[in-house]
Each structure stands twice: as structure tokens, then as C-alpha cells.
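What follows is a set of notes on a single structure, which appears directly below.
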Amino acid sequence: MITIKKSKSGIGLKQAVEKLSGVDLSVCLQCRKCSAGCPVAKIAKTRPSEIMRRLHLGAGNELLESDLVWTCVSCETCSARCPMGIDVAGVMDALRKLALETGASKQEGNVPLFNKAFLKTVEMFGRTYEIAMIGAYKLGTGKLMNDTEKFPTMLKKGKISLIPSFGGDRKTVRRIFKKTKQNKGAGK
Ligand code: SF4
Ligand code: SF4
């Protein structure tokens, strides 16, 4: 686990993000190409280029509460578009990790529930299994009948399957989950 210094200058956060993501924040040109391509920039209050700038200028832990930290869908468009080759999506990953570790996490609505349901099915089946994920998510929300009318169409179009796919490398995936849990327990 990385400890972020509670300094007003926010230097600790910048260093922690650079360490986790391997990104040198000082090379950002502020061209905003990352923000122009970001699919969630229109609905979020913050944009990826703004996150980059604020980090570089020494923002403190309040940045971990930015809504983009949890609305980001990890599509990596920002990283692909960056003329400086900056892994902006990696920066977002680092911010999410630090937000959870520091308790600054402000996951909106059912986001944590969805993340948990998604990860559980990946751990169990080696890849996502939509029916199990939807079931776990709906049980968690208590809204079992929401959107059920879409189910037959999705099934017909092959968007979801009744049978899980066992084509993935389940052993490797389980090993990753096990190692992650061990690291978490050891406070690394
Ligand atoms: S695209 Fe790259 S250089 Fe441009 S603002 Fe975003 S991070 Fe900075
Ligand atoms: S990875 Fe996140 S921040 Fe980057 S473009 Fe996709 S949604 Fe936006």
C-alpha cells in the first residue's frame, strides 16, 4: 500500500500516482486530446486533461473524490490519443486504487455492487459470465424485475448466454485473484 502524505501541497499524491502508473506527469502538453476522445467527459464534471493538470500542479487528496475517477470506463482512448504517449488510463487506474486505499472512494450509486458482481464472475469462470453477473447485481439492488423485458432479445441476439464460457485460462485468472488478495492482506 502506498501512503499519501497529507501535505497541503499535494506532492504526496503526485508521487504516489507516478509510482503506481509509471507516468511522468510533467510531460503533459495540455493539448486536451485525451478529453476530446473521452466517452464519459460529457457526463463527468472533470476531464482527463484536467486531472493531469491538477496532479501536475500538486493537487491534494481532494482529487481522489473527482467523479471521473469512478465514471471512467477504462476504455484507454485517452492513452491511445495522447501525442506524448502518456498512459492516462493508467493514471486513472492509479487514482481509483488510491481512492480505495485512502477511503476517499466516492463510488456513485451501484458502481461498487456492479464491480463486485463483475469481478466475482471473472474469478469463478475465468472470464465474465453475464447471467451470473446480472443475477448477483440484481440481488444486490433488490430490483429483480428491472429491465427483464430486454432479456429475450439479448439472448436471441447472442449478447448473453445461458451457459458460461470456459474458454479462458481459469487457472491463471484464479492465481491473479489469489495473489491480489494476498497482497491486500499483507498491506502491500
Ligand atoms: S492528450 Fe496527453 S498531452 Fe494532451 S492533455 Fe491529455 S495527457 Fe496531456
Ligand atoms: S480510459 Fe477513462 S478517462 Fe480515458 S478516455 Fe476512457 S473513460 Fe475517459
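Numbering of ligands and ligand atoms starts at 1, following listing order.
Nearest protein neighbour of atom 1 (S) of ligand 1, counting heavy atoms only, is Cys34 N, 3.3 Å. The single protein non-hydrogen atom nearest to atom 5 (S) of ligand 1 is Arg32 N, 3.2 Å, given as residue, atom name and distance. The shortest contact between atom 2 (Fe) of ligand 1 and any protein heavy atom is with Cys82 SG, 2.4 Å. Residue, atom and distance of the protein heavy atom nearest to atom 8 (Fe) of ligand 1 are Cys28 SG, 2.3 Å. The single protein non-hydrogen atom nearest to atom 4 (Fe) of ligand 1 is Cys31 SG, 2.3 Å, given as residue, atom name and distance.
Under the 4.5 Å side-chain heavy-atom criterion for grouping Ile, Leu, Val, Met, Phe, Trp and Tyr, Leu139 is not connected to Ile134 through any hydrophobic cluster.
When each atom of ligand 1 is checked for a heavy atom of Leu29 under 4.0 Å away, the hits are 3 (S), 8 (Fe). The atoms of ligand 1 that sit less than 4.0 Å from any heavy atom of Pro83 are 1 (S).
Aromatic ring orientation, Phe118 versus Phe114: parallel (interplanar angle below 30°, classes split at 30° and 60°).
With hydrogens and angles disregarded, a donor-acceptor distance shorter than 3.5 Å links the side chain of Arg81 to the backbone of Lys33. Between the side chain of Glu18 and the main chain of Leu25, a donor-acceptor pair closer than 3.5 Å is present.
Glu50 is linked by a salt bridge (Lys or Arg N to Asp or Glu O under 4.0 Å) to Arg54, counting only residues two or more places apart in sequence or in another chain. Take Ser26 and apply the side-chain hydrogen bond (donor to acceptor under 3.5 Å, both in side chains) test, not counting sequence neighbours, and it matches Asp24. For Thr46, the side-chain hydrogen bond (donor to acceptor under 3.5 Å, both in side chains) test picks out Asp67, with sequence neighbours left out.
Residue Gln30 places a heavy atom under 4.0 Å from ligand 1.
Residues Asn110 and Thr141 bring no donor and acceptor atom of their side chains to less than 3.5 Å of each other. Looking only at atom types and distance, the side chain of Arg96 has a donor-acceptor partner in the side chain of Ser74 under 3.5 Å away.
Atom 6 (Fe) of ligand 2 has Cys75 SG as its protein N, O or S neighbours under 2.8 Å.
Thr71 approaches Ala44 most closely through the heavy-atom pair OG1-CB, 3.8 Å.
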